[in-house]
Amino acid sequence: MVREFDTIAAIATSVSNAGIGKIRISGDDSLNILEKIFEPYTKRYGNGHWDSHRIYLGNIKDGEEVIDEVIVLIMKGPHSYTREDVVEVDCHGGVHVVYKVLNLILKNGARAAEPGEFTKRAFLNGRIDLSQAEAVMGLIESKNEASRKNSILQMKGNLSEKIGKLREEILYEIAYIESALDDPEHISLDGYADGLLEKVEAWIRQDQKLLSTYDDGRYISEGIRTCIVGKPNAGKSSFLNVLLGEERAIVTDVAGTTRDTLEESVTIDGITLNIIDTAGIHETEDKVEKIGVEKAKKEITGADLVVCILDMAEGISEEDVQIFEQIKDKKKMVLLNKSDLGEAFSMDALKEYVEEDTPCITISAKYNQGIDLFTKELKNMMFHGTIDETQDLYITNARHKNALDEALEGLKMVKTSIENQMPEDFFTIDLMNAYESLGSIIGESLEEDLVNEIFSKFCTGK
C-alpha cells in the first residue's frame with residue numbers, strides 16, 4: 001500500500017547512455033538508506049554525520065561489491081525542494097548502471113516515486129502553491145523563450161501574489177458583512193453597498209485583465225495549431241518544408257502526393273506552430289484519398305489558424321471555392337503560391353471569397369520568397385503585432401482560466417445583487433463562490449482527486 005510520505009526514489013534524468021544519470025531520493029529515511037549503500041572517500045563522514053548542501057565523492061556498494069563511483073549531494077529538510085531530507089546521486093549515465101543504483105536504493109527501503117511526486121510533496125509541504133507547481137511542468141515543456149519566461153514568473157509566485165491579494169480583499173468584505181449581520185448594533189451596513197460596488201467593479205476588471213491574456217498565453221505555451229489546406233499540388237508540402245528547413249514532406253509534380261495528415265512543430269521568430277499538413281481537398285473516387293480529405297476537413301475544425309494555399313499559376317478553381325466554404329468561419333490566412341510562375345487571377349476575384357480583413361500574401365515556396373511577410377502577418381493575427389515579453393503574466397493553463405471564469409461569474413452576480421438592492425447576506429454567497437474559485441488556482445480549495453490528477457501528468461523524478 002502506497003503511503004503519502006514514504007521515502008521515495010526515482011531517476012531524474014533521461015534514461016540513456018549519457019555521461020551522468022541522476023537519482024533523487026526524498027523522505028525521512030533518505031539518509032539512513034544512503035548509509036547502507038554509500039561509502040564516502042572522506043572517512044570522517046557517514047554514521048549519521050552528514051553536512052547539508054555538501055557534495056561527497058565515493059562509491060555506491062552492494063555489500064562489498066562496488067556498483068559505481070558517484071557524487072552525492074545532500075540537502076536536509078526543510079531547505080530542499082520537497083522540504084524533506086533529499087539525497088541526489090550522480091552516477092555514470094549508462095542505462096544498466098542507473099537502474100542498478102536505483103534498484104539498490106529501492107531494496108534498502110525506498111519505494112518508486114509516482115509521476116510528479118517530488119513536486120507534489122513540495123506543494124503538500126507548503127514550499128510552493130499549486131499554480132507554482134504547475135509552472136514547473138510548464139517550464140519543462142516550454143517550447144520557446146516567451147513560454148519559458150512566463151513559466152519562470154509563475155514559479156516565482158507572480159500569479160500567486162495577484163490571486164492571493166484579490167482573495168484577501170474579498171475575504172475581508174465577507175467577514176465584514178457577516179460581522180455586521182451578527183452584531184448590527186455595533187457594526188453598521190448603512191451605505192456599505194455603494195462602497196462595495198466600487199470594489200467589486202475593480203475586482204471584475206482585474207479578473208478580466210487576467211482572462212484577456214489567455215488566448216495569447218495558450219498560443220505561447222502550447223503553440224498555434226495551424227492547419228495547411230489547399231487543393232492537390234498547390235504547394236502545401238513545399239510550404240511546410242520551407243518552414244521546417246528540411247525536406248519533411250514528399251514533394252512531386254503528381255497531384256495528391258499527400259494522402260494523410262502530417263504533423264510537425266516549428267518555432268519561427270519566437271512563435272511555435274503545431275503544423276498539420278493535410279491532403280489536398282477535392283472530389284475523388286480513390287478510397288485512400290477520400291479518407292485523407294475527410295481527415296483534412298476534421299483538422300480544420302480544431303485549428304487555431306488555417307493557412308490556405310492557392311496556386312497563382314492556375315487561378316481560382318471550383319476546388320478552391322469549396323475550400324473557402326469549409327474555412328469561412330475560421331481565423332485564416334491565404335498564401336498565393338508559385339508567384340515565380342506568374343499570376344493567373346486577380347486579387348479582385350479573390351475578394352469574392354474571403355473577408356476583407358483576411359491577409360493575402362504572395363509567396364514562392366520553391367524559392368523561399370514571402371515567408372518573412374507570412375511571419376509578420378502571423379504576429380499581427382495572433383499576437384496583435386508582437387509577442388509582448390514585458391507582459392508581467394500570461395494565463396496559460398485551462399484550469400486557471402476556468403477558475404477565473406467562475407470567479408468572474410460570482411463577482412458579476414454580486415454586482416447585480418447590489419444594483420438590485422438585494423439584502424447584504426445575498427452578497428456573501430457569491431463573494432464566497434468567487435473566493436473559492438480563485439483559491440482553486442493556488443490550491444487553497446481543491447479536491448484531493450484533482451490534485452492527484454494534476455501531478456499524474458508530470459514526468460517521473462520531478
Side-chain angles (χ1 to χ4, degrees), residues 144 215-216 218-220 222-244 249 258 261-281 296-317 319-340 343 345-387:
N144 51 57
D215 282 343
D216 284 359
R218 182 170 65 85
Y219 297 148
I220 288 171
E222 300 175 9
I224 302 168
R225 191 163 181 81
T226 306
C227 187
I228 303 175
V229 300
K231 67 184 180 183
N233 211 28
K236 300 182 298 299
S237 296
S238 296
F239 176 66
L240 173 64
N241 289 340
V242 168
L243 294 183
L244 296 176
T258 303
T261 55
L262 178 64
E263 297 193 27
E264 289 290 339
S265 183
V266 62
T267 299
I268 306 170
D269 201 12
I271 303 172
T272 299
L273 301 180
N274 300 319
I275 304 173
I276 306 98
D277 181 23
T278 63
I281 298 177
K297 292 177 180 179
K298 185 177 179 180
E299 289 294 346
I300 289 171
T301 304
D304 298 315
L305 173 67
V306 175
V307 176
C308 179
I309 309 285
L310 296 183
D311 187 338
M312 285 190 73
E314 292 188 5
I316 299 176
S317 66
E319 291 168 333
D320 293 324
V321 173
Q322 291 176 11
I323 292 169
F324 289 141
E325 183 64 25
Q326 289 280 333
I327 65 176
K328 64 181 180 180
D329 297 324
K330 300 296 295 186
K331 184 174 286 190
K332 57 185 170 290
M333 191 184 303
V334 176
L335 301 186
L336 311 174
N337 190 31
K338 302 185 183 180
S339 60
D340 52 295
E343 183 177 334
F345 67 91
S346 67
M347 294 299 293
D348 289 337
L350 184 60
K351 289 176 183 177
E352 295 182 27
Y353 303 103
V354 298
E355 296 82 353
E356 188 176 343
D357 60 350
T358 300
C360 299
I361 302 169
T362 300
I363 69 165
S364 171
K366 182 177 181 179
Y367 293 104
N368 199 2
Q369 295 173 353
I371 305 305
D372 54 338
L373 294 176
F374 165 76
T375 304
K376 181 180 178 180
E377 285 297 338
L378 182 66
K379 284 187 174 181
N380 286 330
M381 290 183 70
M382 311 305 288
F383 297 101
H384 317 292
T386 182
I387 297 178

Can you list everything that forms a side chain to side chain contact (heavy atoms under 4.5 Å, CB included) with S364? Sequence neighbours excluded, please. S339, D340, K366, Y367, Q369

Is there a donor-acceptor pair under 3.5 Å between the side chain of K328 and the backbone N or O of V354? no

Report the C-alpha separation of R225 and E263 in whole Å, then their side-chain angles, then the decisive distance to 0.1 Å, and conclude whether the salt bridge (Lys or Arg N to Asp or Glu O under 4.0 Å) test is met. CA-CA 10 Å; R225 191 163 181 81; E263 297 193 27; 3.7 Å; yes

Grab the two heavy atoms, one from K331 and one from M381, that are nearest each other, plus how far apart they are. CG-CE, 3.4 Å

Nearest heavy-atom contact between A234 and N337 is O-ND2, 3.0 Å

When rounded to the nearest 0.5 angstrom, what is the spacing between CG in N380 and CG in D357? 12.0 Å

Should F239 and I371 count as side-chain neighbours, where that means a heavy-atom distance under 4.5 Å? yes

In Å, rounded to the nearest 0.5 Å, how long is the span from NZ of K338 to CD1 of I363? 11.0 Å

Side-chain contact test, heavy atoms from C-beta onward, threshold under 4.5 Å: evaluate it for L378 versus L305 and give yes or no. yes

Are side-chain heavy atoms of L335 and L310 found at a separation under 4.5 Å? no

Can you tell me how far the CD1 atom of I268 sits from the OG1 atom of T375, to the nearest 0.5 Å? 5.0 Å

Show your working on side-chain contact (heavy atoms from CB on, under 4.5 Å) between E352 and I316 and close with a plain yes or no. CA-CA 11 Å; E352 295 182 27; I316 299 176; over 6 Å; no

Heavy-atom closest pair, residues C227 and E299: SG-CB, 3.9 Å

For R218, which residues count as a side chain to side chain contact (heavy atoms under 4.5 Å, CB included) partner, sequence neighbours excluded? Y214, E222, D304

Please find the pair of heavy atoms, one from I220 and one from N144, that lie closest to each other, and give the distance. O-ND2, 3.1 Å

L240 versus D277, closest heavy-atom pair with distance: CD2-CB, 3.6 Å

Look up atom CE in M382 and atom NZ in K379, then write down how far apart they are to the nearest 0.5 Å. 13.5 Å

N274 versus T272: any side-chain heavy-atom pair under 4.5 Å? yes

Tell me whether E355 is salt-bridged to K332, with the criterion being a basic N under 4.0 Å from an acidic carboxylate O. yes

Q326 and V229, any side-chain heavy atoms less than 4.5 Å apart: no

With heavy-atom distances below 4.5 Å as the criterion, would you say the side chains of M333 and I361 are in contact? yes

Side chains of I271 and Y219, heavy atoms from C-beta outward: is any pair under 4.5 Å? no

Taking side chain as C-beta onward, heavy atoms only, is C308 less than 4.5 Å from F324? yes

Minimum heavy-atom distance T301-K330, with the two atoms named: O-NZ, 3.1 Å

Are D320 and S317 close enough that a side-chain donor and a side-chain acceptor fall under 3.5 Å? yes

If you measure from CD1 on I275 to CD1 on I224, what distance do you get to the nearest 0.5 Å? 10.0 Å

Interatomic distance, CG@L243 vs OG@S238, rounded to 0.5 Å, equals 11.0 Å

